[in-house]
2 protein chains.
Amino acid sequence: MIKAKIETACTECALSRLCLPVALSTEDVESLEEIIDRPKPLSRGDYLYQAGDAFEALYVVRSGAVKTFTVDSGGTEQITGFYLPGELFGLTGINKPAQNTTAQALERTNLCVLPYDDLDRLCSDVPSLARQIMKVMSDEIREDHALLTLVSKKRAEARLATFLLSIAQRLKRRQLPDESFQLSMSRSDIGNYLGLAEETISRMFTRFQEDGLLAVQRKQIDLIDRDGLQAVCDS
Amino acid sequence: MIKAKIETACTECALSRLCLPVALSTEDVESLEEIIDRPKPLSRGDYLYQAGDAFEALYVVRSGAVKTFTVDSGGTEQITGFYLPGELFGLTGINKPAQNTTAQALERTNLCVLPYDDLDRLCSDVPSLARQIMKVMSDEIREDHALLTLVSKKRAEARLATFLLSIAQRLKRRQLPDESFQLSMSRSDIGNYLGLAEETISRMFTRFQEDGLLAVQRKQIDLIDRDGLQAVCDS
DNA sequence: CGTCTTATTGATTCAGATCAACGACGGTGG
DNA sequence: CCACCGTCGTTGATCTGAATCAATAAGACG
């Protein structure tokens, strides 16, 4: 009974498939479940934590969306990630005195919070949990490298096409509609993330629409020709 | 006696200060020391591992220099890091079936190899070691974000100036000359890393020299006006 | 219903890529 | 030891993708 209850809880917040290590035993999942906190929903624009705050927890999006960004010494903002339902973030703070990024809700958002003190204690007892966290961190590093390649080597249209297909793929993984969806971030956010001006993002959307690759109406995106978009990614 | 011997070994390869967790006890260091392999030196151009190879180990540069790079589906190469003496790399392979990056020696290079099977076993017994590895991984993520900001938001001169000061700082940390040094990578490598053409790197070097910021002769760099270079970083 | 933010579109500019040629060094073999 | 060749770096000329500047339009929200 307890087992069933736990599985339901985790299924709800998407941890079960996407976040929880398959290697964990039922008892381990139970221990993890005990430390998870589910605070009340955040509104658009709310901060989860800001640069300089003490590092306290890892987070998983249950619904909604979050962006993280850094601000360098010269005041330049760089969005480092968008997080959709089922995705884990907050790793850059791990074993550090303070956060160096800021995390902000892009829309009404529900989270799971994994307090790090508890998680760390659990890691000592359950080596496979530590292993899983390392795996997630190395995933993050690989994704950062892919993003670097995108920004450093590809043209504007390839950057945006890759971004859109990545969003679609992640929605699909979460079994959300991936053909027709609402972007939760602004053109300016997308541009910041991809190293482009917001005007350029706007122009590329217009061009993709003219080329019959997608239909766009403000934040509403309908993918029409995925193969076509995929082809644009390699230009 | 044994203790003295171990300390010497680790001091030699720079692990003691830069790589080893301060939190480790002497016995733990001893255990770690036991699993470290020091293979014969690599020549310029030698590969340590290539994309697709099984993930086997983490590496620390003892002397020389290494670059790592990814190749995406379209064949685009992206250098993801240069590693100098005392620096740890190979983390992107952790808990993955295979490497997705390639690592290549830029000059005659000596390494410490930390076989992952052994390291992982040790992590189960010594939680602070797992914690230290996570810390190094989160460092890597932060550095990747800083690089992304550099490539995505800064002009060519700021990118190169930041790169040079970063190299100098890392050499200094290792107590190597940081005012006058040899770059081990080509202009083309620097350009690839920073998202610029090699001609642009060349031109920026010439400009910096004209502006009295440094003296450059092929790979030999002499920093003259560090404050000036620092100022260029924020342009 | 008016105001404020976000998105679109057009005109112009500019940083850096690309194309092209040459020069300098370093390694190799005679 | 020197001459040759190949790679790497420099410099110049031109081109171009995307930024910037500027104006308007369309939602969103109180």
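This structure is a prediction, so every number in the text was calculated from the model and none was measured.
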Fill in: Residues in contact with DNA chain C, drawn from residues 177-196 of chain B - heavy-atom cutoff 4.0 Å
B:Gly195, B:Leu196
Worksheet item: Do NZ/NE/NH1/NH2 and the carboxylate oxygens of A:Arg173 and A:Asp178 come within less than 4.0 Å?
Response: no
Worksheet item: Do the charged groups of B:Arg226 and B:Glu179 touch, with an N to O distance under 4.0 Å?
Response: yes
Discussion item. Tell me which one of B:Leu196, B:Leu164, B:Thr200, B:Leu183 satisfies side chain to side chain contact (heavy atoms under 4.5 Å, CB included) with B:Ile190.
Written reply: B:Leu183
Discussion item. I want to check something: taking the side chain as every heavy atom from C-beta on, are A:Lys153 and B:Asn192 in contact at a cut-off of under 4.5 Å?
Written reply: yes
Fill in: A:Thr109 (side chain) donor-acceptor with A:Leu42 (main chain) under 3.5 angstrom
no
Discussion item. Using a heavy-atom cut-off of 4.0 Å across all strands, would you classify B:Thr200 as base, sugar-phosphate, or nothing?
Written reply: sugar-phosphate
Fill in: Member of B:Asn110, B:Leu111, B:Leu84, B:Leu88 meeting the side chain to side chain contact (heavy atoms under 4.5 Å, CB included) criterion with B:Val61
B:Leu111
Item to complete: Starting from P on C:dG16, measure out to CG on B:Leu150 and report it in whole angstrom.
Response: 12 Å
Discussion item. On a heavy-atom basis, which atom in A:Ala103 and which in A:Phe89 lie closest, and how many Å separate them?
Written reply: CB-CE1, 4.1 Å
Item to complete: With the side chain counted from C-beta on, respond yes when A:Asp189 and A:Tyr193 share a heavy-atom pair under 4.5 Å apart, and no when they do not.
Response: no
Discussion item. We want to know whether A:Gln220 and A:Ser180 form a side-chain donor-acceptor pair, criterion being a heavy-atom distance below 3.5 angstrom.
Written reply: yes
Discussion item. With nearest nucleotide decided by heavy atoms, which residue, A:Arg155 or B:Thr206, maps closer to the 5′ end of DNA chain D?
Written reply: B:Thr206
Fill in: Outermost nucleotides of DNA chain D that come under 4.0 Å of a non-hydrogen atom of chain B
D:dC8 to D:dA13
Worksheet item: Which is true for A:Lys154 with a 4.0 Å heavy-atom rule: it touches a base, it touches only sugar-phosphate, or it touches nothing?
Response: nothing
Discussion item. How many whole angstroms separate atom CZ of B:Arg159 from atom C1' of C:dG16?
Written reply: 9 Å
Worksheet entry | Whole-Å gap separating P (C:dA7) and CE (A:Met204) | 16 Å
So which protein N/O to nucleotides 19-25 of chain C N/O distances come out below 3.5 Å?
residue	atom	partner	partner atom	Å
C:dC19	N4	B:Glu199	OE2	3.2

Worksheet item: What is the distance, rounded to the nearest whole Å, between atom CZ of A:Phe205 and atom C1' of C:dT9?
Response: 16 Å
Discussion item. Just by distance, no angles: are the side chains of B:Lys154 and B:Thr162 close enough, under 3.5 Å, to form a donor-acceptor pair?
Written reply: no
Fill in: Nucleotide C:dT6, atom P - distance to CD of A:Glu198 in whole Å
9 Å
Practice prompt. Verify whether the ring centers belonging to A:Tyr83 and A:Tyr59 lie closer than 6.0 Å.
Written response: no
